[in-house]
Amino acid sequence: MQAHLRVRRFDPEEPAPQPRYQDYTVEAEDYFTVLDALIKIREEEDGTLAVRCSCRSSVCGSCAMRINGHATLACKTKLTDASKGRDVVLVEPMGNMPVVKDLVTDLQSFWDKVWAVEPFLQPQGPVPEQEYLASNESMVHLTGVMNCIMCGACVSDCTVLAVDPNFLAPAALAKAYRFVADPRDGASKERLRALSQYGGIWDCTRCLECVQVCPKDVAPMDRIMTLRDKAMQAGYTSTYGARHTIAFSELLKESGRLDELRLPVMTFGIFNLPRMLSLVPVGLRALVRGKMPPIFHRAIPGVEHIRRSFRSAEAKR
Amino acid sequence: MKYAFFPGCVSRGGCSELYPSAVAVAEKLGIELDELTSASCTGAGVLQEKDQRLGDTLNARTFAMAEQKGLPIMTICSTCQGVMSQANHRLTHDPSYLAEVNQELKPEGLEYRGTVTIKHLLWILMEEIGADNLRPLITRPLTGMRVAPFYGCYILRPSWALGLEEAPERETSLERVIELVGAEPVDFPGKSLCCGFPILTINEKNSLAMVARHTGDARERGADAMVTPCPLCHLNLDGYQPKAASTHGSKPDMPILHLPQLLGLAMGLSPRVLGLQRHIVSASRLLDKVKVRA
Ligand code: SF4
Ligand code: SF4
Ligand code: FES
């Protein structure tokens, strides 16, 4: 088959470096991945095209790039799938990080953030005579998150990172979860305290991009949600994020549905004057337009069953 | 065509213009709505931060109620749709999990058998009603209006829970609705990204940066308005646009329409019935453009 690729090119060593798009047509076999096509282009047509790869079998994590707008591994994406329903396959470098050349990005900030979560075991107590023992059941649930191959795809497409470079971002947070949930780690509480700070678990906007694009089903956002739960259970409940989640759940338990007027009041605290005042202009604008939630909030019929489910869930935890 | 209607909390609260406009549009479309009045909030992904199983239990309760009626569920909120789709995906892919959750529903005499389908109005339009049946209902084509689609995360991701693998056309359904009402879709990078609403109370700075970026990108590409199937996106993109604009030095002038408002306008419904006067960013210039009197 013939495949058409449109590749984003960028060479910082050109006199006035500007990204541009270049079209290539490749004679491809049915079994080709997008990476195979790129390598063929580089070897047969245009030796200046920069691509990074190694294992070619989705193990090493070095070939992550954006294909048709979403980050993925080029060696795991079949060319036939990527061309389905389109005339040209769009190939671009990952986002949220600087481009070294063409499809090769600089992962330094990625590694800095992974390093920042102290990705190593910190056991406490006396050192055992032989190894640290952990039961099978207490470890097996960690295999999913251990599948991470550090490719950077999740970080490339993270929507919070796109507006705030300070955010720890999905890969590092998933790595943090891996140690918080490890029964041999002794620093979990301290980790949860640090992760509750600005730039940590509460800054994720739950956009699900990282869950969607991760080629190894690590589901970073789900790990972040579990970290939130663990942080609240460990007593770190004073952040706006934790207060919001707790208030939301309490209001839902009370009436079975969301009480939009009380939620911000409970999140910020009625005596938190600066934050309460910051709501005034927004509230006034809404009031003028008749766009206010009802003042008298009614519970749903059968709310007692909702409350019972809450109580039973609380008892189980 | 009959649906068990799940309006969600926000369509009757912070976006109280959404509920009546959806009901009015459904009537025009010949969709009969049987509202699930005893259904709870889906948890919106927030309750799920604390306890996913509890969230799934509340949603299974709603599914069981629809099952009793023998009806599919219609949603009008990307977030409700996504949270319910995810819950349904987990419940229907793990029989022992479903059995455990059903234990919780027993005292109320409910049981979920795992047979319910949940569809956003957007999907119903394209998949059940269809373009050919929709076209004759467009009595006031919005010719000349340029509209940027804004989906909301939860109606797009994760694709496997939302059936996008089987129905990939869902990913471009908003564009097709925009074309059908006679307007022109504006492609822009933000259409599948996050509006920032979930972190509004947590990190307002980042949340507002998202609002400013998306409304700015749409404006730059010549959009007269944006349309969204998600009231939470609407709350942020519309309600917080003035604040976002003032912190980012832009103008709060991008009207944000709910999906049923766009449809309703093209079907000849009055802007008042559609609640267009209730938006924070005024839609009056938009109405002038298509020569509709408010
Ligand atoms: S879910 Fe959170 S961590 Fe994942 S991409 Fe979105 S904002 Fe980033
Ligand atoms: S979590 Fe997934 S996408 Fe992110 S770095 Fe690890 S393997 Fe890659
Ligand atoms: S080349 Fe190793 S993951 Fe693609």
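First the proteins, then the strands, lettered A, B, ... as listed; each starts at 1.
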If the contact rule is any heavy atom under 4.5 Å from chain A, which residues of residues 209-217 of chain B qualify, in numerical order?
B:A209, B:M210, B:R213
Enumerate by number any residue of residues 191-204 of chain B whose heavy atoms lie under 4.5 Å from heavy atoms of chain A; in the absence of such residues, state 'none'.
B:S192, B:L193, B:C194, B:G196, B:P198, B:I199, B:L200, B:T201, B:I202, B:N203, B:E204
Under 4.0 Å between a side-chain nitrogen and a carboxylate oxygen: does that hold for B:E100 and A:K316?
no
Based on non-hydrogen pairs under 4.5 Å, which of [options] is most in contact with chain B?
| options | result |
| --- | --- |
| A:D157, A:T267, A:V211, A:T226 | A:V211 |
| A:F310, A:Y240, A:F167 | A:F310 |
| A:R257, A:M225, A:K230, A:H305 | A:H305 |
| A:L208, A:I300, A:D164 | A:L208 |

Please round to the nearest 0.5 Å and tell me the distance separating atom CG of B:L54 and atom OG of A:S312.
8.0 Å
Could you state the interatomic distance from CD (B:E49) to CZ (A:F248), rounded to the nearest 0.5 Å?
9.0 Å
Part of A:S309 within contact of chain B (heavy atom distance under 4.5 Å)
both
Side chain from CB out, backbone as N, CA, C, O: work out which of these in A:E260 comes under 4.5 Å of a heavy atom of chain B, or both, or neither.
side chain
Against chain A, work out which of B:G55, B:G45, B:G82, B:P107 has the most heavy-atom pairs shorter than 4.5 Å and name it.
B:P107
In terms of heavy-atom pairs under 4.5 Å with chain A, which of B:S16, B:S159, B:G239 leads?
B:S159
What are the two closest heavy atoms between A:L252 and B:C41, and how far apart are they?
CD1-CB, 3.4 Å
Heavy atoms of A:G302 and B:R61 approach each other most closely as O-NH2, 3.6 Å
Would you please go through residues 193-201 of chain A and name the residues with a non-hydrogen atom below 4.5 Å from one of chain B, in numerical order?
A:Y198
B:S173: which residues meet the side chain to side chain donor-acceptor pair (under 3.5 Å) condition with it, sequence neighbours left out?
none
Can you tell me which portion of B:L58 sits under 4.5 Å from chain A's heavy atoms? Options are side chain, backbone, both or neither.
side chain
